[in-house]
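To start, the structure under review is shown below, and the notes come after it.
Naming convention: chains lettered A, B, ... in sequence-line order (proteins, then strands); numbering from 1 in each chain. FYI, side chains are in, hydrogens and waters are out, and symmetry mates aren't considered; it's all heavy atoms of this structure. From a predicted model like this one, the values you see are computed outputs, not experimental measurements.
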Amino acid sequence: MSPSHDADAGRPGPTALDPRAVLAVAKLARLDLDAACATREAASLLRVLEHFSVLDALDLAAAPAETPAGVATLRPDVPRPAAERDAVVAAAPRGSDDLFVVPRVIE
Amino acid sequence: MSDPLSSDAGVASIAAAVRGGEASALAVTEAALARIAAHDPAISAFLAIDGDGARAAAAQLDAGLAAGTVARESPLLGVPVALKDNVCVAGGVTTAGSRILEGWRAPYDATIVTRLRAAGAVVLGKTNLDEFGMGSSTEFSAYGITRNPWDPSRVPGGSSGGSAAAVASGMAPLAIGSDTGGSIRQPAAFCGVAGFKPSYGRVSRFGLVAYASSLDQLGPLARSVEDLALAYRAIAGHDPQDATSSGEPLALPTGSGVAGLRVGIHRDFLAALPHAATRAAIEAAIAHLVEDGARVVNLDDVDLLTREALAVYYLLASAEASSNLSRFDGMRYGPREAAEHDGLEAAYGATRAKRFGAEVKRRILLGTFALSAGYHDAYYVRAQAARRLLRAAFERAFERADVLIGAVAPEPAFPLGARTEDPLTMYLGDSLTIPPSLAGLPALALPCGMDGGLPLALQVIGRPFDDARVLDVATAIERRTGLAHRVAPPAGFGGAR
């Protein structure tokens with residue numbers, strides 16, 4: 001997306017949003033939007049992006065580098081036994097022996 | 001003890017009655033199903049009602065109790081529970097309120113479902129929600145709106161609006177919701193019930209349809225804090241199936257009083273509120289705590305970044321949503337909107353464009369933009385840094401206070417349709433629930449009054465993993481307000497008692 005900015009390129013605070021740019025982002029997001037929809041979304045997204053300029057006033061250099069203690073909850077990154085193949089296949093909507101059965105996508 | 005078959009019977013009284021043999025689990029379930037049949041046509045809280053499954057589960061519980069194979073001390077014995085429809089139940093349709101999951105049947109139970117059943121709960125069905133949890137009014141469900149039981153011309157809040165409305169109208173004594181930026185607390189506030197978002201990592205999300213994984217949290221809604229605590233005890237705890245599930249020791253509420261408690265207040269959550277009646281009701285509740293021995297600490301000198309939090313949230317949550325929802329493409333999940341000869345990309349694009357709703361597409365676009373080359377640093381990286389600042393600010397605040405008490409939302413439930421065409425105004429309504437979500441804090445919404453026929457609510461926010469204290473403080477407030485176990489009068493929504 002290529003929103004226009006007042007100044008200081010690369011920082012939030014766009015003043016315009018081209019519907020063609022919305023279509024480009026939609027393609028990245030695998031969404032087929034028509035031109036009318038892209039125009040509507042451009043106006044809506046612009047208003048939201050304008051609001052995001054409130055972050056400009058923050059001194060982000062003062063942000064801690066790490067997540068404060070007590071908030072990080074990811075489990076230890078250590079080797080563990082892999083899941084049992086039969087259990088994994090059994091959890092799929094459809095399976096056959098040790099394979100997943102999926103909808104055909106290529107003729 | 002209230003009649004366990006009545007609409008205002010709570011979790012504790014139902015479990016006690018079933019435990020003591022005063023009522024069977026089947027009779028309690030039948031009573032709940034009858035109320036759903038009478039009231040839900042006017043409210044539309046439920047997307048699916050599993051009457052047969054609920055009756056079978058209740059009968060099995062009764063048989064197990066008679067045979068001695070079901071533990072009588074099970075905390076949720078015979079308690080009917082409604083599940084937000086982004087929680088997987090094996091074999092049942094799970095839509096997340098979206099057409100892209102229309103008809104999709106979950107292959108397994110979410111951990112929270114397994115734990116609720118192990119505690120004796122009976123699943124009644126699935127409740128309505130804003131699509132994938134993206135909304136604050138339950139008007140963005142692909143399957144229709146839900147109405148507020150206190151005033152059917154108003155929204156029930158969202159995104160767990162169906163769960164909140166089911167509890168408020170007496171159709172279920174307990175419901176499960178999910179909260180990413182306020183989706184348990186805000187609908188609980190709008191519907192006059194209690195809702196609890198536990199600390200991030202405290203309740204397993206295995207089997208929850210993901211929206212924003214660094215924020216999503218499951219939790220209960222009920223008509224008293226005691227009932228929330230019973231449900232919390234059943235669902236909290238480590239789960240190896242969820243990589244973000246915490247191994248922190250689980251503390252349970254003790255029922256201790258508030259003597260010596262340091263109650264933090266902050267202008268953004270109280271003094272600056274535009275709604276005078278909400279402000280007055282919260283101040284009255286805090287005054288009760290002071291009478292009971294608590295001390296008020298003013299935290300206005302700490303910038304809790306409530307203004308910036310909204311931007312941080314909508315950037316990060318949308319970015320995570322754009323990634324999480326990329327799996328919904330008509331191949332791996334749900335129906336497809338293209339012929340096979342159209343090609344894979346065309347099938348993806350057509351299916352997602354047709355089957356995602358407007359708000360979901362808006363957030364996917366926003367998130368994809370925030371993550372795209374050239375804008376990643378300007379938006380996503382800056383939002384992550386701001387989130388760390390916000391967390392640090394709450395840490396500083398909690399050095400001087402044990403809890404923070406303020407509002408859940410700037411004002412009570414708004415009229416249906418008032419904000420659907422104005423996304424930013426809808427987002428701004430979440431400004432007081434989002435900061436605790438970004439900091440991973442436990443936060444609880446609790447009724448504290450009425451104004452013009454609409455419920456008012458306050459929010460109790462605690463330190464990370466200090467969930468038990470949040471529940472204890474809420475219990476102390478509820479004891480003074482006397483607003484537990486309220487059910488919206490059926491006359492208000494046209495249902496028959």
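For a residue to count as touching a neighbouring chain, one of its non-hydrogen atoms must lie under 4.5 Å from one of that chain's; by this rule A/R40 does not touch chain B. Contacts of B/A90 with chain A are absent, with no heavy-atom separation under 4.5 Å from either backbone or side chain. Within the 4.5 angstrom heavy-atom criterion, only side-chain atoms of B/E345, from C-beta onward, approach chain A. Heavy atoms of A/D59 lying under 4.5 Å from chain B belong exclusively to its backbone.
Side-chain contact between B/Y379 and A/L49: present, with at least one pair of heavy atoms (C-beta onward) separated by less than 4.5 Å. Side-chain atoms of A/L58 and B/L305, non-hydrogen and from C-beta on, do get closer than 4.5 Å to each other. A 4.5 Å side-chain heavy-atom check between B/F369 and A/L17 finds every atom pair outside the cut-off.
Judged purely by distance below 3.5 Å, without hydrogens or angles, the side chains of B/S326 and A/R30 never pair a donor atom with an acceptor atom.
The OG1 atom of B/T368 sits 13.5 Å away from the NZ atom of A/K27 when rounded to the nearest 0.5 Å.
Counting heavy-atom pairs closer than 4.5 Å to chain B, the top-ranked of the candidates A/C37, A/A29, A/A90 is A/A29. Top candidate by heavy-atom pairs under 4.5 Å with chain A, chosen from B/P423, B/A350, B/A106, B/G367, is B/A350.
A salt bridge does not link A/D32 with B/K354: every distance from a Lys NZ or Arg NE/NH1/NH2 to an Asp or Glu carboxylate oxygen is 4.0 Å or more.
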Check the pair B/R362, A/L45 against side-chain contact (heavy atoms from CB on, under 4.5 Å), reporting the backbone distance first and the verdict last. CA-CA 8 Å; B/R362 182 174 298 130; A/L45 286 170; 4.1 Å; yes
Before giving the answer on side-chain contact (heavy atoms from CB on, under 4.5 Å), spell out for B/T425 and A/R47 the whole-Å C-alpha distance, their side-chain angles and the decisive distance to 0.1 Å. CA-CA 10 Å; B/T425 301; A/R47 191 155 175 249; 4.2 Å; yes
